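Quantities reported herein were computed from a predicted structural model and do not represent experimental measurements.
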Amino acid sequence: MTEKIDMDERAKAMAEEIPGVMQALMGLHSEVVKDGALSAKTKELMMVGIAVAIRCEYCLWKHVPEAVKMGATREEILEAVSTAIMMSGGPGVAYGSVVVLKILDELNV
């Protein structure tokens with residue numbers, strides 16, 4: 001497992017280097033995560049599942065805490081992980097059991 005990274009801090013550093021790209025990405029992010037037909041919490045849970053499936057540890061350090069802030073429970077997060085495991089197989093188990101459980105334990109969720 002890689003070191004814990006503050007992705008908000010790293011995104012700010014990247015925005016100093018490529019402001020136009022990062023402004024466009026943050027605008028897209030803001031549009032995508034707002035409540036719509038799906039709640040923002042549901043969308044964060046989807047991002048957790050996708051991050052497990054594509055094996056993006058840094059994404060998990062961003063989206064698991066965001067899901068918790070939006071009221072997601074441990075059980076809901078682990079159901080998102082179970083969906084990712086179904087779609088990604090063994091790598092999903094690895095990221096779900098190592099990274100997601102570590103983050104949830106650190107957050108005391």
Side-chain angles (χ1 to χ4, degrees):
M1 190 163 66
T2 58
E3 66 180 287
K4 182 178 175 182
I5 301 293
D6 181 339
M7 286 308 300
D8 289 330
E9 178 184 299
R10 299 312 312 145
K12 287 177 187 172
M14 186 62 80
E16 292 176 14
E17 300 286 335
I18 50 172
V21 170
M22 293 304 290
Q23 286 172 0
L25 179 63
M26 291 300 101
L28 176 61
H29 180 270
S30 295
E31 186 64 25
V32 168
V33 298
K34 69 182 182 183
D35 285 326
L38 297 174
S39 69
K41 180 177 100 170
T42 298
K43 292 174 185 181
E44 281 296 337
L45 289 167
M46 291 171 69
M47 287 186 264
V48 169
I50 292 166
V52 168
I54 66 170
R55 299 178 299 275
C56 180
E57 182 175 340
Y58 298 124
C59 300
L60 290 168
W61 284 107
K62 171 69 176 165
H63 293 292
V64 172
E66 285 297 320
V68 169
K69 286 180 195 171
M70 292 183 175
T73 64
R74 184 181 190 96
E75 292 78 16
E76 289 172 319
I77 291 166
L78 292 177
E79 277 198 31
V81 169
S82 72
T83 303
I85 290 169
M86 175 63 204
M87 296 304 293
S88 67
V93 174
Y95 272 75
S97 65
V98 177
V99 180
V100 173
L101 288 179
K102 179 177 178 50
I103 295 168
L104 289 171
D105 289 344
E106 284 189 15
L107 294 171
N108 294 316
V109 174

Please check: side-chain N/O of K43 versus main-chain N/O of K34, any donor-acceptor pairing under 3.5 Å?
yes
What do the steps show when you test E66 against K62 for salt bridge (Lys or Arg N to Asp or Glu O under 4.0 Å), and what is the final call?
CA-CA 6 Å; E66 285 297 320; K62 171 69 176 165; 3.7 Å; yes
Atom pair OG (S97) and NZ (K102), whose distance is rounded to the nearest 0.5 Å:
13.0 Å
Test side-chain contact (heavy atoms from CB on, under 4.5 Å), reference I77, set I103, L104, L107, output is L104
Polar side-chain atom of E76 near backbone of T73 as donor-acceptor pair, under 3.5 Å:
yes
Within a strict 4.5 Å, meaning less than it, do heavy atoms of the E106 and W61 side chains meet?
yes
Hey, could you give me the CD/CE distance between E44 and M70, rounded to the nearest 0.5 Å?
4.5 Å
Separation between OH of Y58 and CE of M7, rounded to the nearest 0.5 Å
8.5 Å
Examine distances only and state if a side-chain atom of S39 and a backbone atom of D35 form a donor-acceptor pair shorter than 3.5 Å.
no
Going only through I, L, V, M, F, W and Y residues with side-chain contacts under 4.5 Å, is there a path from L101 to Y95?
yes
Quick check for you: to the nearest 0.5 Å, what is the distance between M14 atom CE and E16 atom CD?
11.0 Å
Using a 4.5 Å side-chain heavy-atom cut-off and chaining through intermediate ILVMFWY residues, the residues clustered with M47 come out as V33
Could you tell me which non-hydrogen atom of P91 sits nearest to which non-hydrogen atom of S88, and how far apart they are?
CD-O, 3.3 Å
Between atom OG of S30 and atom CG of L25, what is the distance when rounded to the nearest 0.5 Å?
9.5 Å
Heavy-atom check, side chain of R74 versus side chain of D105, under 4.5 Å:
yes
Which heavy atom of A67 sits nearest a heavy atom of L45, and at what distance?
CB-CD2, 4.3 Å
Might you point out which heavy atoms bring P65 and L60 nearest each other, and give the distance in Å?
CD-O, 3.6 Å
A side-chain contact here means heavy atoms from C-beta on lying under 4.5 Å apart; do M46 and L38 qualify?
yes
Roughly how far apart are C59 SG and I54 CD1, rounded to 0.5 Å?
5.0 Å
Is it the case that more than 12 heavy atoms not belonging to M26 sit under 6.0 Å from its CE atom?
yes
